[in-house]
Q: 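This structure is in structure tokens; I'll ask about it shortly.
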Amino acid sequence: MVQLTMAKAITAGLARAMDRNDKVLAIGQDIGRLGGVFRITDGLQERFGAARVMDSPLAEAGIVGTAIGMAQRGYLPVCEIQFDGFVFPAFDQIINQASRLRFRTQGQVTAPIVIRLPYGGNVGSIEHHGESPEAYFTPTPGLRIVTPSTPADAYELIQQAIASPDPVIVLEPKRLYHSLKGEVDLDAPASGELDRARVVRLGTEVTLIGYGPMVSTLLNAAKVLADEGHSAEVVDLRSIAPVDWATVEASARKTGRVIVAHEAPRTSGVGAELAARIQERCFFALEAPVLRVTGLDMPYPPSRVETDYVPSVDRVLQAVDRALAY
Amino acid sequence: MVQLTMAKAITAGLARAMDRNDKVLAIGQDIGRLGGVFRITDGLQERFGAARVMDSPLAEAGIVGTAIGMAQRGYLPVCEIQFDGFVFPAFDQIINQASRLRFRTQGQVTAPIVIRLPYGGNVGSIEHHGESPEAYFTPTPGLRIVTPSTPADAYELIQQAIASPDPVIVLEPKRLYHSLKGEVDLDAPASGELDRARVVRLGTEVTLIGYGPMVSTLLNAAKVLADEGHSAEVVDLRSIAPVDWATVEASARKTGRVIVAHEAPRTSGVGAELAARIQERCFFALEAPVLRVTGLDMPYPPSRVETDYVPSVDRVLQAVDRALAY
Amino acid sequence: MTAPNAWTPRIVGPDNQGPDVPTADVPTADGPTLDVLTPDVATSEVPTPDEQADGIETVQLLDAEAHPQRHATYSPQLSVDEVRHAYATMFLARRLDTEGTNLQRQGQLALWAPAKGQEAAQIGAIAALRPTDMVYPSYRELAMVMHRGLDPLAVFQIMRGITHATWDVEAHRFGVFAFVVGAQTLQAVGYGMGITLDGADEVVLVCLGDGATSEGHVSEALNFAAVYKAPVIFLVQNNQYAISVPTAQQFRGAPAARAGGFGMPGVRVDGNDLFAVHAVVAEAVSRARAGEGPTLVEAMTYRIGAHTTADDPTRYRSREEEDVWGARDPLVRTERWLREHGTEDGFFADLAAEGDALATDLRARVLALEPQGITDLYEYVLAEPSAALAEEREQVTAYLAGLEGR
Amino acid sequence: MTAPNAWTPRIVGPDNQGPDVPTADVPTADGPTLDVLTPDVATSEVPTPDEQADGIETVQLLDAEAHPQRHATYSPQLSVDEVRHAYATMFLARRLDTEGTNLQRQGQLALWAPAKGQEAAQIGAIAALRPTDMVYPSYRELAMVMHRGLDPLAVFQIMRGITHATWDVEAHRFGVFAFVVGAQTLQAVGYGMGITLDGADEVVLVCLGDGATSEGHVSEALNFAAVYKAPVIFLVQNNQYAISVPTAQQFRGAPAARAGGFGMPGVRVDGNDLFAVHAVVAEAVSRARAGEGPTLVEAMTYRIGAHTTADDPTRYRSREEEDVWGARDPLVRTERWLREHGTEDGFFADLAAEGDALATDLRARVLALEPQGITDLYEYVLAEPSAALAEEREQVTAYLAGLEGR
Ligand SMILES: Cc1ncc(C[n+]2csc(CCOP(=O)(O)OP(=O)(O)O)c2C)c(N)n1
Ligand SMILES: Cc1ncc(C[n+]2csc(CCOP(=O)(O)OP(=O)(O)O)c2C)c(N)n1
Ligand SMILES: [Mg+2]
Ligand SMILES: [Mg+2]
């Protein structure tokens with residue numbers, strides 16, 4: 001066990017995957033000499049060479065599209081998209097190509113690529129640097145989307161994503177890159193089932209569901225609630241596509257009250273699918289409607305007002321109050 | 001009043017808009033001499049000239065991106081994307097550019113463009129020609145998405161979309177283009193509020209909500225139900241972003257049972273947002289969970305099995321049975 | 001797929017040649033010179049389509065009358081026997097292409113995208129590859145499919161709505177059809193980057209159309225290929241149209257010119273001249289194998305038929321124009337050359353009979369095609385179905401069984 | 001925004017010239033010839049950055065030592081007075097650029113993207129436009145912002161996280177900053193298509209970087225511009241890097257070469273030579289106005305500072321290289337020319353003082369900047385808030401009021 005920031009944990013996970021399998025490659029803008037704008041690939045080019053840690057031209061479709069081709073050649077490319085807001089030029093390659101290859105070819109051709117995508121707000125930056133685009137990807141059969149909330153999870157998920165035979169987007173909560181430190185087991189399994197949610201706090205009265213950067217907010221809310229005499233269970237989804245419904249539904253049935261939180265806007269967000277499914281599956285168990293605490297229904301705002309946009313502990317508590325009042 | 005197919009109704013609506021305002025332009029692949037692959041722009045180039053009905057190079061981002069620029073110059077461009085499955089190369093221009101211009105510039109710059117997008121399945125074609133990509137657009141603040149279910153609606157919506165100061169995607173149910181004929185009032189208003197759902201059949205026991213190509217399926221289901229002694233209300237959303245929540249919630253409260261249907265896959269589809277919101281707003285009024293009848297959670301299949309994929313009257317009835325059994 | 005009459009391929013390529021017969025007696029230059037090339041003689045008052053206004057040379061080794069043309073850089077590389085093999089594939093592909101259109105007209109296929117007229121571009125190019133080289137087709141490469149020994153039924157399966165795009169890519173080194181125009185080019189470049197990483201002696205041929213060159217993804221592919229010196233040949237079959245849009249409205253810089261701007265050679269070739277396409281692609285393949293990176297080959301050809309069976313070319317082109325290009329039919333030209341080089345009637349008669357038998361067999365097999373049930377398709381969404389997928393599959397299975405029970 | 005000390009622009013352009021003084025006494029050629037250009041003399045052992053290996057000529061009218069250079073096609077078009085005006089804007093832009101970096105270091109800005117070194121490229125280009133011509137900037141065009149009379153505070157607002165990109169585009173004919181690399185180029189082309197449709201006597205200048213040329217959208221923009229003959233000048237500020245990626249890894253076909261492949265002229269110019277940039281862009285503008293379509297101008301320059309304040313250039317480039325380019329500083333060069341053409345110390349001293357005052361004023365105004373409350377932003381989502389938006393706005397307003405109450 002070592003103490004690592006989330007950034008260093010991802011670096012370590014990447015390095016381990018590259019070490020263990022020389023088919024693993026990295027490609028992206030500025031990931032070579034610069035080590036990426038967040039320094040996630042820091043030192044990897046020196047260690048594994050420029051052929052395996054490739055600075056790419058400034059073209060997101062190019063990065064993902066060539067990664068698909070390299071995967072068809074037997075490589076396991078890990079793409080870095082520089083910021084959340086810049087993934088859209090690659091959209092066709094992700095949605096229409098990588099995610100469907102297995103289906104359209106009845107398993108003849110697959111695209112086991114990984115797309116690392118820093119996301120999330122409250123980072124005090126300019127436009128397109130604080131967004132949460134996950135809802136644009138979740139409607140896609142064939143695409144896995146995972147996101148860690150701790151350095152240990154980040155270390156595991158990046159390796160498991162690389163080991164996965166499916167295309168995987170790893171949403172990296174950039175706010176936590178350098179701010180969150182935690183214990184990491186460097187011998188943790190490098191492969192395994194990617195769609196396992198985790199109950200990170202047990203409780204009985206209300207279930208708080210979130211992922212990535214929201215998990216610590218939910219845990220903090222749960223602590224406040226505990227002080228106030230309420231018992232909240234917190235579920236870290238870890239995989240937002242597919243969702244681990246068994247874990248989610250079990251918690252919902254247990255507590256009868258569910259709050260889902262994410263930074264992306266409410267409309268058609270991940271919370272919508274969670275609420276829709278939970279109310280369908282746990283109808284009689286619910287004491288209150290599933291409530292959503294989300295980014296506002298507007299594009300990500302200028303950073304000086306972003307704390308009013310990103311769900312806060314207070315807003316979670318407000319929703320819990322509402323749920324408990326039913 | 002005249003009898004028109006949906007295709008001809010859209011052509012008539014476009015022509016009327018171009019007639020009334022010479023800032024209205026059309027741009028897209030093959031829309032000139034060929035009149036578009038569905039012949040929606042048939043005759044328009046002859047009538048309005050090649051400067052206003054522009055055959056574009058084969059580049060979707062180019063079509064939408066230049067349309068945004070023309071809009072900034074005061075034009076009102078109507079883009080045609082050839083098929084549902086080919087819209088993704090334009091994704092950044094739609095999501096990051098057109099939809100946000102007003103917000104990012106605090107109203108200084110806007111993008112009043114229209115994107116016509118034929119969609120929907122059961123058309124017996126090859127891959128990418130039968131899909132329903134609306135869920136990729138609904139998470140976008142600032143973007144309007146409308147879809148007609150009748151020729152009359154198509155005639156109105158295309159004109160109202162052109163008149164709208166917001167960017168609008170008009171999803172055109174291609175299955176109905178040439179198969180559905182109906183009365184069209186050629187003097188119908190050419191502008192108006194775009195987000196008005198319509199209760200197309202009154203009922204009391206269950207609400208069936210759909211849009212575009214699903215509406216006739218729901219009406220047929222309602223007829224069967226009537227024969228069986230059950231009263232179903234049918235709501236045609238018309239606007240799937242924003243949704244006319246007042247109409248939707250009123251119906252849900254009235255019947256207490258809601259089925260939402262769409263051709264797109266279930267996960268993170270429009271039905272998710274509807275279910276999430278309805279259960280939140282109408283919690284105590286619901287006798288059963290909001291149920292979804294949707295395309296399967298896989299990419300659109302080869303057309304020989306597409307009828308097993310697209311919601312049928314039978315599948316709607318099955319869901320109604322479930323809802324009534326609660 | 002192992003039906004008795006199934007298609008047996010004729011592999012024509014450097015690593016799998018026919019008997020060692022002398023190569024065609026087309027005069028060859030001894031090396032690059034600045035000679036002006038023998039111009040193509042127009043057969044009509046309408047300017048021939050390869051008299052391009054942009055001044056880019058069109059490499060031609062056999063003119064429309066099947067007369068040999070001298071070229072400073074390129075010379076024919078195919079033996080008479082190889083040409084016979086190539087012609088046979090071209091001929092049979094056209095026969096099946098016609099059958100595709102017929103089947104569609106009879107309601108047996110959802111769609112058919114005729115390749116008639118583009119056979120020399122396709123076979124000339126693929127014949128310059130080794131069977132181990134990879135091909136990324138677009139959606140019109142029936143002749144290439146047959147060249148690589150794939151059962152052409154696979155293409156009919158797609159067009160009947162039975163499958164999206166399914167065949168054994170690894171066995172045939174032939175990628176699946178790509179329907180999102182241009183997207184495959186980036187994947188082909190990535191594959192080529194993989195070849196370089198492997199240090200393998202292979203190349204990639206990727207097919208695209210004139211219209212496809214407008215897609216941003218294609219420009220990105222050209223740039224990535226150049227930057228990473230990927231061993232990729234971009235074969236642009238410039239058939240003069242993207243559906244109804246003629247090249248004059250598609251671009252002002254032709255594909256062959258585009259290449260230079262991305263830092264790779266661009267060569268324009270008469271796409272209806274089997275010898276020229278083969279020679280130019282062979283040269284590009286050599287460069288790629290030698291580690292000198294990508295080349296773009298613009299093969300000037302013509303789609304004699306409609307874009308697809310859903311298309312109506314009378315709306316956008318003249319009969320006159322069709323006739324000009326019709327006179328440049330690559331099958332006619334190649335047949336003429338073969339006859340002038342000692343190929344007897346019997347060869348052509350046998351081939352015609354073989355084509356008819358193949359078509360009859362294929363038609364029967366097409367009509368017998370049945371799709372996989374929808375619930376089987378859950379297999380292919382993820383490597384392992386998620387719990388939710390497995391559950392949905394069960395529900396759908398039960399539902400469909402219930403329907404059958406009615 | 002109407003603070004007393006707000007910036008007053010110096011408009012330099014054909015329609016708004018200073019007094020009619022004689023133009024600079026640089027020798028001019030009488031027309032196109034094939035003369036070899038006077039080469040730039042390197043000031044270091046390291047090969048000068050404009051000695052590009054690709055053989056494309058770099059137009060230069062004033063070398064790094066401020067010596068006039070003869071050119072076959074282009075000649076200086078700026079009067080001494082115009083150069084003084086241009087220099088003043090360049091100088092003041094740099095002063096504020098420095099202030100931007102300082103403010104960021106002091107935690108007052110989220111980010112700053114220095115433009116130091118690129119002032120001649122920006123001012124040379126925009127000075128060739130009329131004030132009625134439209135500009136689509138990228139995100140580094142502080143000098144252009146100032147040239148067009150926009151309050152530079154607007155840029156600081158963005159970098160402080162107060163707004164995304166807000167100014168009066170119509171009044172200044174200057175588009176908002178674009179942060180998705182390359183996306184603005186298509187919009188600029190569309191705007192240019194609109195100009196053509198209007199039959200208006202206007203042109204569009206669109207700014208992009210060397211890295212941006214790799215984005216598919218940019219290639220599509222070049223193609224659309226060429227196909228529709230849009231009156232657009234693509235100004236590629238080739239500052240040698242896209243963040244850390246040098247051009248050698250970005251492309252093998254330089255932007256100037258790329259243009260030809262899309263069917264438009266591409267001209268490379270010394271981007272640190274005010275005269276050359278101005279002359280080359282002016283020529284492109286004339287072509288565009290004459291209905292001859294787009295031109296790409298590749299201005300070879302150097303980002304002297306970091307990519308942004310978040311960047312660390314020591315990781316990817318050498319001190320030596322920075323020195324070579326530092327010696328080509330456009331401000332130094334222009335100052336030298338001005339001194340040689342009778343501009344006295346006083347002018348420079350006054351300018352320095354003006355710069356300091358401007359910076360002081362700006363700093364104060366930056367620190368006073370306050371964002372609009374988040375609930376006000378609901379105004380800008382749709383033209384009219386939907387019912388759901390209006391409701392959410394009320395809820396958020398109530399919630400925030402409640403928080404304040406605590
Ligand atoms: C991204 C995308 N846009 C539009 C289409 C519809 N479409 C199919 S083929 C075609 C024309 C292609 O022209 P070209 O590249 O010249 O190839 P050709 O069909 O002539 O062989 C178009 C527009 C598509 N398949 N993909
Ligand atoms: C689509 C997109 N991808 C990535 C980025 C992140 N990014 C911002 S600036 C930049 C480099 C741009 O280089 P260049 O075009 O040369 O312009 P310069 O910054 O040198 O002026 C990158 C990669 C972005 N803003 N947009
Ligand atoms: Mg074509
Ligand atoms: Mg740059």
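Lettering of chains follows the sequences in order, A, B, ..., and the numbering in each one begins at 1.
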Q: With a 4.5 angstrom heavy-atom cut-off, could you sort out which part of C/Val381 is near chain A: side chain, backbone, both or neither?
A: both
Q: Counting only non-hydrogen atoms closer than 4.5 Å, does A/Ile63 touch chain C with its backbone (N, CA, C, O), its side chain (CB onward), both, or neither?
A: both
Q: Please lay out, stage by stage, how C/Tyr228 and A/Met54 fare under the test side-chain contact (heavy atoms from CB on, under 4.5 Å).
A: CA-CA 10 Å; C/Tyr228 293 108; A/Met54 293 186 251; 3.9 Å; yes
Q: Can you tell which part of A/Ser56 gets under 4.5 Å to a heavy atom of chain C, answering side chain, backbone, both or neither?
A: both
Q: What heavy-atom pair brings C/Asn223 and A/Pro57 nearest, and what distance separates the two atoms?
A: ND2-CB, 3.7 Å
Q: Report which part of A/Ala67 has an atom under 4.5 Å of a heavy atom belonging to chain C: side chain, backbone, both, or neither.
A: neither
Q: Is chain C contacted by the side chain of A/Arg277, its backbone, both, or neither, given a heavy-atom distance below 4.5 Å?
A: side chain
Q: Mind checking which of residues 200-209 of chain C sit less than 4.5 Å from chain A, heavy atom to heavy atom?
A: C/Ala200, C/Glu202
Q: Can you confirm whether the side chains of C/Gln187 and A/Gln93 place a donor and an acceptor under 3.5 Å from each other?
A: yes
Q: Can you tell me which portion of C/Phe177 sits under 4.5 Å from chain A's heavy atoms? Options are side chain, backbone, both or neither.
A: backbone
Q: Give me the atom names and distance for the closest heavy-atom approach of A/Thr66 to C/Phe224.
A: CG2-CD2, 3.6 Å
Q: Quick check on A/Pro89 against chain C: is it the side chain, the backbone, both or neither that has a heavy atom closer than 4.5 Å?
A: backbone
